[in-house]
Amino acid sequence: MASSASSSTIASPATNNSRYDVFISFRGEDTRFSFTDHLYEALVGAGIRTFRDDDSTNSAADLKPEIERAITASRASIVVLSKNYANSTLCLDELVLIMERRKTFYHIVIPVFYHVDPSHVREQENSFSLKVNTDVEGFQMKVERWKAALTEVANLEGKVLTGPETKFIADIVSTIGHKLRLKLVSTPPHLTGMDTRAEAINFWVKDKQDAEVLTICGMAGSGKTTLAKYIYESNLLKFESSSFLEDIGKICEQPYGLCALQEQLLADILEEKKKELDVTRYKSQIENVLQKKRVLIVLDDIDKKEQLEALLGSEKINTESKIIITSRLPTIQTWFMSTYLKCKEHKLELLNEHESLELLSWYAFGSKIPMEGFKELASQAAEYCSGNPLALKLLGSLFVNSKDPRKRNNIDFWISTLNLLERDPDYRIQGILRMSYEYLPFLTYRELFLHIACFFIGEDEDYVVKILEPDYCATAGIPEAFEADSLAKMDNLKLLQLNYVELSGSYDDFPEDLRWLCWHGFQLGTIPSDFFMGNLVAIDMSYSRLQLFEPPMVIKPLKILNFKDSHSLLKICNISRLPNLETLILWNCYSLVHVCDTIEDLKSLSLLNMTGCEHLLKGSNLKFPHSLERIWLKNCNIDFELSDYSILSFQIHSMLQYLHLGNNLFEFLPDYNHLKSLRVLELSFCSRLKRIECLPNTLEELFTTCCELLENISFQSHRFALREFDYEGCINLLEVEGLLKLVPILRIDERDLGHMKWLKDYQDLEVSLIGDYQLTSGRSHHIQMLYEFGITSTFLPNITNPNITHDYISQSSSLSFTIPPSPKTLKGLNITFKYTITEEKHQHNQPIFAKITNTTKGLDLIYNPMVFGKPKFNEVAVWLSYWSMGNLLDIGDKVNVCFIVENGLEVHECGAKLVYANEDDDMENNMEWEESLLGDLSRFKLSTDTYYLCRRDFFKSMEVDGPTPSWFRDSVGYKIDYTEIQGWRKTGRSQKP
């Protein structure tokens, strides 16, 4: 079979005119009851309306009309390309229709290569080889369409199965949600009474004159978050951006929790990552965005006014924005009395008698009405819950999850359970919570739950699993144990938390089977010799008073050792007694001066955090084990001379993936081209850093925030794979080799300017630059020269100079000419463009596109400079550029030059001049990069002979369901599928799998 679904689940309210969000195309015999089934459940669970064909018995002819309707009714398709996919003509016909929808409508397509090689799909090899049946008329044309569709889908950015399928599926769900602009909040199933409760709030969302803020207050479990999620999912596509921040109160209890929430909020509403130092800087950025953008934000479970101020700021916001806040407090109205925000309170109604019975029935019987003979008992049970949705769900689930299956539908069992609740009418809801714990199916799960409830609330799940797996089957048990929400006396304690407890006497009585010891503020200066630690898997002695750590014995099981903020710790000795240690955290142990050399022998150590150990590495010969994958050396006061950089060379660390060297004092770094596994390099706030040389091409994320002296960055070669690159505050950055070069003219030698050397006369003039804010913020306003793609350009005031001449000129935004005969060698074109800003409100970052078309050769070059000049209102600015493209022009070629600008910019004239060899001696020497007009621009090539020379993702500014944005349509013409620029990076198109 091919695709997915005659039966579909609508897991959230409709958000647009499409019936489905996603259509799954798949080969039934390969994946119907395995991968595709799991993918479908994950999509539905994330609130994504998904179509999947569940009928494996009907013929292709019967299914085809229904499947075609489903494809046209979906916003996106996931194509699961498995071994036998191409053996099905129905699958191939589906694929042809899907790819046609992609070209003519905004239909998103994500190929999933499930145990197949993308090149086999692209080239129709192995199981994807197609044979022509010459006996069937027209069959050859069909095969050609199938081949074209297979090639096209294989060339899209897709997902290739590697690692665990669960993580792979989660990545697919996240990707499709992002592409659909869905914020994936999980709405519970069996929503009851939601439409009536949402009606008034939906009316408030639409009313632009009403208050910007709506608060929903009430007790835990009363449905505040569920209602907020429902409203959010119903309305998010009506706003420019949206964000749902859940469990704010709980997250703020964690270190840097509030900063993490601010970062997430900015990432959602700006649709890009921002990195800052503290709450105040984040708050300022949030205020700036909220004044401009029309956003929908949900702040769930706020319990302090400070949280509100940090997340919304104290300034006015766009009056068309809507903010929903939930809180367990009785009211938070007074928080808004001294702010610019208007706030109204929504009185939350608990479920009525009929709704309570329906919700309990869903969880007890699997339908909206009680099983025959249980209606009276179910009504009594619903009454005990007082309309609280959480209590209704737990009580209903309690009967289903009974340890004895025979009792699940047993009337006597129901009566007995309800009698228990009858005895304590004032504590019925608490009683329900306790019983839900008692009915966990296995003793091991109940013990696991109690350990987690007492010790690990809010901890990382992988961390918890590693500690509890040997005794409690935590991998399987954690999802089960967390179904309940109560606490009782512990049995068989193997975990011990003694935070800030001071003990006296012998340590002989400590349990020998202890697995986890958390003792924040441990009061002793050393570990007692009679303290048995032989079975510990994790030790957390953060904030301890330890001065010397020396293990009293060999501890083979120990994997995690944490001394965070142990400010008195001076020495760590005999660490080789921990042969299987995987994680060592010495964060802010700023008195530490010695770690024994045997740390080099820890063959399993993969994570080492020495952040803030400012005395440890000074003049040290410390050698790190070769097994390290992640290292934090932030704020370690590293200021060695170049000859002493051996500690930073990481010569034997071939597995190193993450390296944090931020906030140190070195001026240079060793070459890291040997670190082929390195994916993330963090160098932010290295205030003396001047250059970074020979980075590995495999690096994916580079952060150099506020490296104010940094001038040059280079890679092993000009082709690199950066996906994240933060250089905000690098106000002196001149060149990222192979990417860009932006240099004040006063720092350029006259000889290097070639035929534009006359610009030296204007080097002291100033022009404000906009565009890439990270590149322009805080930068000198002196006239700069920009080099990228083999194009040299600068922005000037409206000067008059005899060197600004044209062979061809137009008073409009375009001109055409034919390359004339000449005995000289044509080197390129000078292109000039004059413009003004005509609307003050548009004095921000309008895109400017220059397009040169060689109509004779069918070649288009579309260029968007990373920065451009911002003249004052109604003043004229000049863009002067040189395109080194003589190799692309021949005598007789017809050339068209045009400029595309948004409303608010007015073009005064444009001109072109042919530049020959004797006029340009050294200009090309500044741009000897591989990706230039003289080199390989394949990563910037669209599906036709069009080169999209841009370093940013303008797709974020488009409306997903709207028409083709006019600026892009005019720029590339209707022959190009504009969705090709989706996810565009500084390094061009995302690489194919």
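Computed over heavy atoms, backbone and side chain alike; hydrogens, waters and symmetry mates excluded.
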Is any side-chain heavy atom of [X] closer than 4.5 Å to a side-chain heavy atom of [Y]?
X    : Y    : result
I539 : I560 : no
D540 : H520 : yes
L661 : F666 : yes
L607 : E629 : no

Between [X] and [Y], what is the shortest heavy-atom contact and its length?
X    : Y    : result
N535 : P557 : CA-CG, 4.0 Å
T698 : L675 : OG1-O, 4.1 Å
L605 : S627 : O-OG, 2.6 Å

List the atom pairs, with distances to 0.1 Å, where a side-chain N or O of residues 591-601 and a protein N or O form a donor-acceptor pair under 3.5 Å, not counting sequence neighbours.
unit_1	atom_1	unit_2	atom_2	d
S591	OG	H567	O	2.6
T598	OG1	S576	N	3.4

Between F725 and Y727, is the ring centre distance below 6.0 Å?
yes
Can you confirm whether or not the ring centre of W587 sits under 6.0 Å from the ring centre of F563?
no
What is the ring orientation for Y672 with F650, classed by angle as parallel under 30°, tilted 30 to 60°, or perpendicular over 60°?
tilted
Sequence-distant partners of D171, salt bridge (Lys or Arg N to Asp or Glu O under 4.0 Å), two or more places apart
K159
Residues which pass side-chain hydrogen bond (donor to acceptor under 3.5 Å, both in side chains) with E708, listed by chain and number, not counting sequence neighbours:
none
Separation between CG of L608 and CG of L586, rounded to the nearest 0.5 Å:
6.5 Å
One thing to verify: whether K304 and E306 come together as a salt bridge, which I'm taking to mean a side-chain N less than 4.0 angstrom from a carboxylate O.
no
Using a strict 4.0 Å threshold on nitrogen-to-oxygen distance, state whether E582 and K559 make a salt bridge.
yes
For a side-chain hydrogen bond (donor to acceptor under 3.5 Å, both in side chains) check, start with the C-alpha distance between D726 and T705, then their side-chain angles and the critical distance, and finish with the verdict.
CA-CA 6 Å; D726 194 318; T705 309; 3.2 Å; yes
